[in-house]
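For reference, the structure discussed in these notes is given below.
What you see below is based on every heavy atom in this structure, not just the backbone, and it leaves out hydrogens, waters and symmetry mates.
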Amino acid sequence: MTERYAAPAHEIFKAYDIRGIVDRTLTVEAVRAIGHALGSEARDRGQRAIAVGRDGRLSGPALAGALSEGICAAGIDVIDIGCVPTPLAYFAAFELGTDSCVSVTGSHNPPDYNGLKMVLGGQTLYGELIQDLRQRIVDGRLHAGSGQVRRADVVPAYIDRIVGDVRLSRPMKIVVDCGNGVAGAVAPELFRRLGCELVPLFCEVDGNFPNHHPDPSKPENLRDVVRALADTDAELGLAFDGDGDRLGVVTKEGDIIYPDRQLMLFAEDVLSRVPGGEIIYDVKCTRNLATWIRERGGQPTMWNTGHALVKAKLKETGAPLAGEMSGHIFFKERWYGFDDGLYAGARLLEILSSRDDPGSVLKALPDAVSTPELNIKMNEGEPFELVRRLKEQARFEGARELITIDGVRAEYADGFGLARPSNTTPVVVLRFEADSDAAIGRIQQAFRDAILTVWPGLELPF
């Protein structure tokens with residue numbers, strides 16, 4: 001047994017990661033304690049070293065240092081890989097043979113946030129495994145030791161690995177928008193090495209994010225890409241989130257290709273080499289995806305939202321490919337099975353470089369009328385109760401099927417509606433898709449009636 005810490009704030013222990021506001025809920029002392037708990041868990045699992053990377057946030061160096069101190073205090077060595085995208089931390093776990101890594105990252109959250117994404121022994125920590133770290137601290141179940149810190153640069157090996165695997169049929173000119181996130185430390189060199197000419201936007205790593213927020217899932221954050229495509233002879237735009245594990249895609253004409261449609265193209269490509277392969281996607285994705293996968297001989301599997309949950313399902317099934325509507329794409333075929341926006345961008349260019357007009361290929365992918373994510377804001381715990389009531393009491397007239405693996409998804413002949421509780425914030429996430437505006441309106445009305453029946457008086461965003 002060893003030193004005792006004050007218990008870190010309960011609210012920073014999320015479903016898929018640890019995340020909070022720096023110096024308020026996520027303090028240096030809290031991160032040191034979490035590092036000690038993580039190192040202790042690593043020792044119990046027979047691990048010997050953990051690779052630690054951080055994104056470009058201003059709080060990164062102090063928090064990564066505290067985390068490393070805590071890990072070492074448990075007798076586990078740290079390999080400091082510096083300021084790198086989260087996928088490079090995952091890559092380091094393979095490349096350096098640690099099987100364990102932590103990325104100190106706030107992902108796409110505002111600048112005053114930061115957090116930890118953690119892998120131990122090849123297992124992404126989520127759910128109870130994250131809560132158990134806090135309980136270790138509370139119980140004082142912490143090993144004592146004196147691990148050592150050494151440094152390693154995995155960027156050259158990462159770029160060499162991709163350049164040795166991905167082949168473009170012709171040079172391409174592309175817009176690359178890193179939003180001043182940490183992808184800017186790697187993306188320009190990677191895509192140039194692949195044979196691309198770049199129109200770089202905001203590739204200087206700056207934790208203040210002075211130009212726009214690094215979240216390509218929001219159309220307003222892609223305006224600069226759209227403008228650059230209009231003003232130059234670049235033929236495609238790629239945008240990355242704050243820690244580089246998600247990809248945004250924009251065509252020459254300024255159309256946003258959302259991740260569920262990106263996944264169609266990736267699935268077609270992967271299934272050409274893995275006949276009959278299983279393709280996993282989350283409940284927020286388009287209903288066109290299952291049909292597309294089946295028509296190409298694949299097996300579609302709808303699964304829970306959450307990068308850690310999808311990764312676990314990928315590992316369980318051995319599927320060659322998975323993806324989420326949020327932009328996390330997981331390649332197991334030719335890659336390692338972790339979510340990587342940079343690698344997904346490279347694979348997209350490989351496919352599109354064999355076509356003269358990439359925009360027409362992307363535009364031809366099946367599409368539908370759809371809403372963005374809509375959120376019902378509620379108090380802590382209430383979203384799960386609302387969805388529980390919907391599952392037990394709601395009737396969706398005309399629906400062909402109710403899918404309840406993650407919330408309630410009502411499938412109709414001409415569309416779907418979804419209500420699911422977020423695992424990260426106290427909101428119910430809604431999404432609607434249909435063949436026409438009229439169909440979307442009808443499905444939204446069905447959900448409005450169902451929700452207000454089980455929770456009268458609730459303010460709805462649609």
Would E324 and K284 count as a salt bridge (Lys or Arg N to Asp or Glu O under 4.0 Å) if you check the C-alpha gap in whole Å, the side-chain angles of each, and the deciding distance to 0.1 Å? CA-CA 8 Å; E324 285 189 281; K284 293 192 289 186; over 6 Å; no

So V175 and V250, side-chain contact (heavy atoms from CB on, under 4.5 Å) or not? Walk me through it. CA-CA 9 Å; V175 176; V250 183; over 6 Å; no

Show your reasoning for whether side-chain contact (heavy atoms from CB on, under 4.5 Å) applies to W335 and I162. CA-CA 9 Å; W335 198 236; I162 296 176; 3.6 Å; yes

Steps toward side-chain contact (heavy atoms from CB on, under 4.5 Å) verdict (I174, F191): CA-CA 9 Å; I174 61 173; F191 292 113; 4.2 Å; yes

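Salt bridge present: E350 and R334 bring a charged side-chain N and a carboxylate O closer than 4.0 Å. A salt bridge between K14 and D17 is absent, with no side-chain N of the basic residue lying under 4.0 Å from a carboxylate O of the acidic one. A salt bridge links D245 to K117: at least one charged side-chain nitrogen sits closer than 4.0 Å to a carboxylate oxygen. Residues D112 and R24 are not paired through a salt bridge, judged by the lack of any N-O separation under 4.0 Å between the basic side chain and the carboxylate. Under the 4.0 Å criterion applied to side-chain N and carboxylate O atoms, E392 and R389 are not assigned as salt-bridge partners.
Residues F447 and F462 keep their aromatic ring centres 6.0 Å or farther apart.
Judged as a side chain to side chain donor-acceptor pair (under 3.5 Å), the pairs with a partner in residues 181-194 (not counting sequence neighbours) are, in order, D160-R193. Listed by first then second residue, pairs satisfying salt bridge (charged side-chain N to carboxylate O under 4.0 Å, His left out) with a partner in residues 122-132 number zero, not counting sequence neighbours. Residue pairs meeting the ring pair (Phe, Tyr, Trp, His ring centres under 6.0 Å) criterion with at least one partner in residues 101-127, sequence neighbours excluded, do not occur; the list is empty. Contacts classified as salt bridge (charged side-chain N to carboxylate O under 4.0 Å, His left out) and involving residues 80-109 (residues at least two apart or in different chains) are given here: D80-R151. Applying the salt bridge (charged side-chain N to carboxylate O under 4.0 Å, His left out) test to pairs two or more places apart or on separate chains, those with a residue in residues 34-44 are E41-R45, E41-R136, D44-R136.
Rounding to the nearest 0.5 Å places CD1 of I50 at 13.0 Å from CG of L96. In this structure, F432 CZ and L430 CG are separated by 5.0 Å, a value rounded to the nearest 0.5 Å. To the nearest 0.5 Å, the span separating CG on L63 from CG on D23 amounts to 8.0 Å. Note: M378 CE to T425 OG1 = 12.5 Å, rounded to the nearest 0.5 Å. Note that CG of L321 and CD1 of I279 are 4.5 Å apart. Values are rounded to the nearest 0.5 Å. Here S100 contributes atom OG and L38 contributes atom CG; the two are 8.0 Å apart, rounded to the nearest 0.5 Å.
Dense packing is recorded around CZ of R388, with more than 12 heavy atoms of other residues, nucleotides or ligands lying under 6.0 Å away. Within a 6.0 Å radius of CD in E459, no more than 12 heavy atoms belonging to other residues, nucleotides or ligands are found. Heavy atoms of other residues, nucleotides or ligands lying less than 6.0 angstrom from NZ of K377 number 12 at most.
No donor-acceptor contact under 3.5 angstrom links the side chains of T286 and D260, judged on distance only. Residues T424 and S422 have side chains that bring a donor and an acceptor to within less than 3.5 angstrom of each other. Side chain to side chain, S217 and D215 meet the donor-acceptor criterion of an N or O pair below 3.5 Å. Under the 3.5 Å distance criterion, with hydrogens and angles disregarded, a donor-acceptor pair is assigned to the side chains of H212 and D177. A donor and an acceptor atom, one from each side chain of N211 and D224, are nowhere located under 3.5 Å apart. For the residue pair Y158 and D153, no side-chain donor N or O sits within less than 3.5 Å of a side-chain acceptor on the partner.
Using a distance-only test at 3.5 Å, with no hydrogens or angles considered, a donor-acceptor pair links the side chain of R246 to the main chain of S326. Looking at T404, its side chain never comes within 3.5 Å of a backbone N or O of G407 through a donor-acceptor pair. Under a 3.5 Å cut-off, the side chain of T105 and the backbone N or O of D243 do not form any donor-acceptor pair. In this structure a side-chain-to-backbone donor-acceptor pair under 3.5 Å is present from Q148 to S146. The backbone N or O of M264 lies less than 3.5 Å from a partner atom in the side chain of W292, making a donor-acceptor pair. Under a 3.5 Å cut-off, the side chain of N208 and the backbone N or O of P210 do not form any donor-acceptor pair. Of the possible polar contacts, none joining the R273 side chain to the E333 backbone as a donor-acceptor pair under 3.5 Å is found. Proximity of a side-chain donor or acceptor of R4 to a complementary backbone N or O of V138 within less than 3.5 Å is detected.
Partners of Y5 according to the side chain to side chain donor-acceptor pair (under 3.5 Å) rule, which considers only residues two or more places apart in sequence or in another chain, are R32, H36. The salt bridge (charged side-chain N to carboxylate O under 4.0 Å, His left out) test applied to R54 returns no partner, not counting sequence neighbours. Shown here are the side chain to side chain donor-acceptor pair (under 3.5 Å) partners of R150, two or more places apart in sequence or in another chain: there are none. Applying the salt bridge (charged side-chain N to carboxylate O under 4.0 Å, His left out) test to D77 and every residue at least two apart in sequence or in another chain returns nothing. Shown here are the ring pair (Phe, Tyr, Trp, His ring centres under 6.0 Å) partners of Y336, two or more places apart in sequence or in another chain: F91, F94, F338. Looking at residues two or more places apart in sequence or on another chain, you find no ring pair (Phe, Tyr, Trp, His ring centres under 6.0 Å) involving F384. For K311, the salt bridge (charged side-chain N to carboxylate O under 4.0 Å, His left out) criterion is met by D339, not counting sequence neighbours.
Judged by the 6.0 Å and 45° rule, R287 forms no cation-pi pair with F416.
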